[in-house]
Structure formats: C-alpha cells, structure tokens
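Worksheet: one structure, shown below.
Positions are given from 1 along the sequence.
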Amino acid sequence: GAGNKFYFKESKSPEHARNEVLATILYETAGADILPIRLATGKNAAGEDVLGTASEWREDFTDFDPQDPAMRKAAFPDFAIHAWLANWDVVGLVYDNLMVDGEGNVVHVDTGGALKFRAQGEPKGGAWNEGGSEFATLRVMGQAGEVFGGMSTTDLQNSANELRKMSDDVIRSAVERVMGAGADGTDMVNTLIARRNNILNVAFGEGQFVSSGITAGRSGLGKYGRRHTGEPPEQRPEPSHRTTTQADEVHASVVDCSGP
C-alpha cells in the first residue's frame, strides 16, 4: 500500500529465490523471530523483470549490537533453528541480518544463506547434508561465533527444544508448499528430518551437551526477549512492487514503495 517500504533482494536464480522462501517458511513454522518474505519481481538496469524476494520493512527496527550481552542473549533462542537450516549467513557480514524491533526482540531479516545455497547464490553442494554440524560450527566461526559463542548448555538445549515442534508431517507440509511432492522435495524433507534428529541427539543424547535439570522452552521475558505462543504465523499477501536492482549482482535494499 501507499507509504509502505519493502526489503527487496534480487536473487541469483529462481532456485535461490525459492530456497530463501522455503527457509523463511520453515523459520516461521518453527516459531522463530523472522521477517516474512515472499517471491517478488523488480526491474534491473536494462528494465527487465528480475526475480527476487521481498518483505515489508518495519520502521521500528534498529541495529543489532554484537557487543551488547543482552542482545546476544536475546538471539540465543533461535540458534538451533539457524543450525538446523544451515544458515551460514545468519548474522551477516556486518551483523546486518539481525535487527532489533521496538519491543527488544532480535529478528532475522535475510535467509539467503540457508539450506542449499550460500548467501550470494552459489550452491553449497555436499556441504548441505544430513549432519547438522552447524550446531557446533556456528558457535565458533566468524560473526556467528561472536554472537552465539557464549551459549551455555542450558541455552543450547532450550534452543534445541524449539525443533521438537517440527514433526515429520510439519516439515513435509512446509516443504511441499514450495517444492511440491516430487523427488527434490522428498530429498529436502529427508535431509531436514535427519538434521533435526542429529541436532536433538547432540543436544539431549549421548553428545557433549548433556546436562540435568534443563528447563524446556524459552526463558527470559521482557526487554531483549519474549516467549513464543506457538500460534501459527500470520499469513501475509505477496507484495507487488517494482524497484531498480543491479543486473549483475545480488542486491538488497530497503525500497520506498509510497505513491501509486
């Protein structure tokens, strides 16, 4: 509508765009704090339509400060979901894939590096697999390590508990919304189920994170944290808008769509 702003990003390929939409649907279904996205089109420098993703921007967003212990703590509850979806770019190069809303919740705004693709659109190949090793690596590597490296055993297990709601049927339904019920969709479903199982096993089974007296669910309400209700995510219509993007690169920007 008039006055709205959208975060639009041109995708490297239609497959990358659909991959990002699927990742966002899985985030939403798992109850993560995520900026919902939909497929959208924009214009490149040659005036041609380009496929990308778009979401309505929120004016209450402020920058995430990785040096703020309270903000880092507020990002912990969604960690296992990031690991499950192999979101290598969860934090962003300059910590810009995490934003803070007006209530102090940490919101993820870009899922381009999740599932089968790297953030710039290159396939991960065999690095996208059933292992779920990101549950360890995202706490020690790069910008993500700076944000999630301080998670305690309790933090890790509380985060992993969020994956319990992602039953096989819930995963299958979410994947089929984007990929259908063919071979590619089946492969995605099977990989996601295996990754969920492996992460839960590491968090609660024979792995290194075993601890007693863990409280299930999320804790720490108030500033920089809230409890999810478990209600289904709001279904938002696909935004229809046009904007200019660069034809030769992945381009992300906040676009003012006010006016007719």
Side-chain angles (χ1 to χ4, degrees), residues 1-29 32-61 85-94 96-99 107-125 127-128 173-189 192 233-260:
N4 291 349
K5 291 183 179 180
F6 290 91
Y7 177 78
F8 176 81
K9 184 176 69 174
E10 180 185 353
S11 299
K12 277 285 190 178
S13 66
E15 292 77 15
H16 188 214
R18 285 190 288 269
N19 184 85
E20 189 166 349
V21 170
L22 173 58
T24 301
I25 289 172
L26 290 165
Y27 268 112
E28 290 178 318
T29 306
D33 282 312
I34 188 79
L35 191 66
I37 68 169
R38 300 292 182 264
L39 294 175
T41 55
K43 296 289 188 182
N44 63 16
E48 300 167 333
D49 285 340
V50 292
L51 181 66
T53 58
S55 54
E56 188 168 349
W57 194 250
R58 291 169 51 178
E59 295 294 343
D60 62 335
F61 279 165
L85 299 179
N87 193 349
W88 296 357
D89 198 37
V90 51
V91 172
L93 185 62
V94 291
D96 54 341
N97 286 348
L98 299 177
M99 302 296 291
V107 183
H108 194 64
V109 300
D110 191 326
T111 61
L115 300 174
K116 299 171 68 173
F117 288 87
R118 296 175 183 267
Q120 295 300 312
E122 297 83 9
K124 293 177 182 174
W128 163 249
S173 177
V175 171
E176 288 182 355
R177 286 175 58 186
V178 178
M179 301 184 69
D184 288 347
T186 299
D187 287 346
M188 176 64 72
V189 169
L192 287 167
E234 177 185 1
Q235 296 299 313
R236 303 188 183 189
E238 294 188 5
S240 58
H241 67 284
R242 304 288 185 182
T243 186
T244 300
T245 63
Q246 297 298 316
D248 58 350
E249 64 180 13
V250 175
H251 176 72
S253 60
V254 178
V255 182
D256 192 342
C257 295
S258 57

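Ala40 and Ala54 make their closest contact through CB-CB, 3.7 Å (heavy atoms, listed as atom of the first residue, atom of the second, distance). In plain terms, the two heavy atoms of Leu51 and Ala17 that are nearest each other are CD2-CB, 4.0 Å. Between Thr24 and Pro36 the shortest heavy-atom distance is CG2-CA, 3.9 Å.
Contacts of Asp96 classified as salt bridge (Lys or Arg N to Asp or Glu O under 4.0 Å), with partners at least two apart in sequence or in another chain: none. Under the rule for a ring pair (Phe, Tyr, Trp, His ring centres under 6.0 Å), the partners of Phe117 that lie at least two apart in sequence or sit in another chain are His16.
No donor-acceptor distance shorter than 3.5 angstrom exists from the side chain of His108 to the backbone of Leu35, with no hydrogens or angles considered. Remark: side-chain polar atoms of Asn19 are paired, donor with acceptor, to backbone N or O of Ala114 under 3.5 angstrom.
In this structure, the separation between CG on Leu22 and CZ on Arg177 is 9.5 Å, given to the nearest 0.5 Å. Here Asn97 contributes atom CG and Leu93 contributes atom CG; the two are 9.5 Å apart, rounded to the nearest 0.5 Å. For the atom pair CD of Glu20 and CG of Leu39, the computed distance is 9.5 Å after rounding to the nearest 0.5 Å. With rounding to the nearest 0.5 Å, the separation of CD1 in Ile37 from CD in Glu28 is 8.5 Å. Going from atom CG of Leu192 over to atom CG of Leu26 covers 6.0 Å, rounded to the nearest 0.5 Å. To the nearest 0.5 Å, the span separating OG1 on Thr29 from CD1 on Ile34 amounts to 11.0 Å.
Annotation: salt bridge (Lys or Arg N to Asp or Glu O under 4.0 Å) contacts involving residues 114-123, sequence neighbours excluded, are absent.
Side chains of Tyr27 and Asp33: no donor on one and acceptor on the other come within 3.5 Å.
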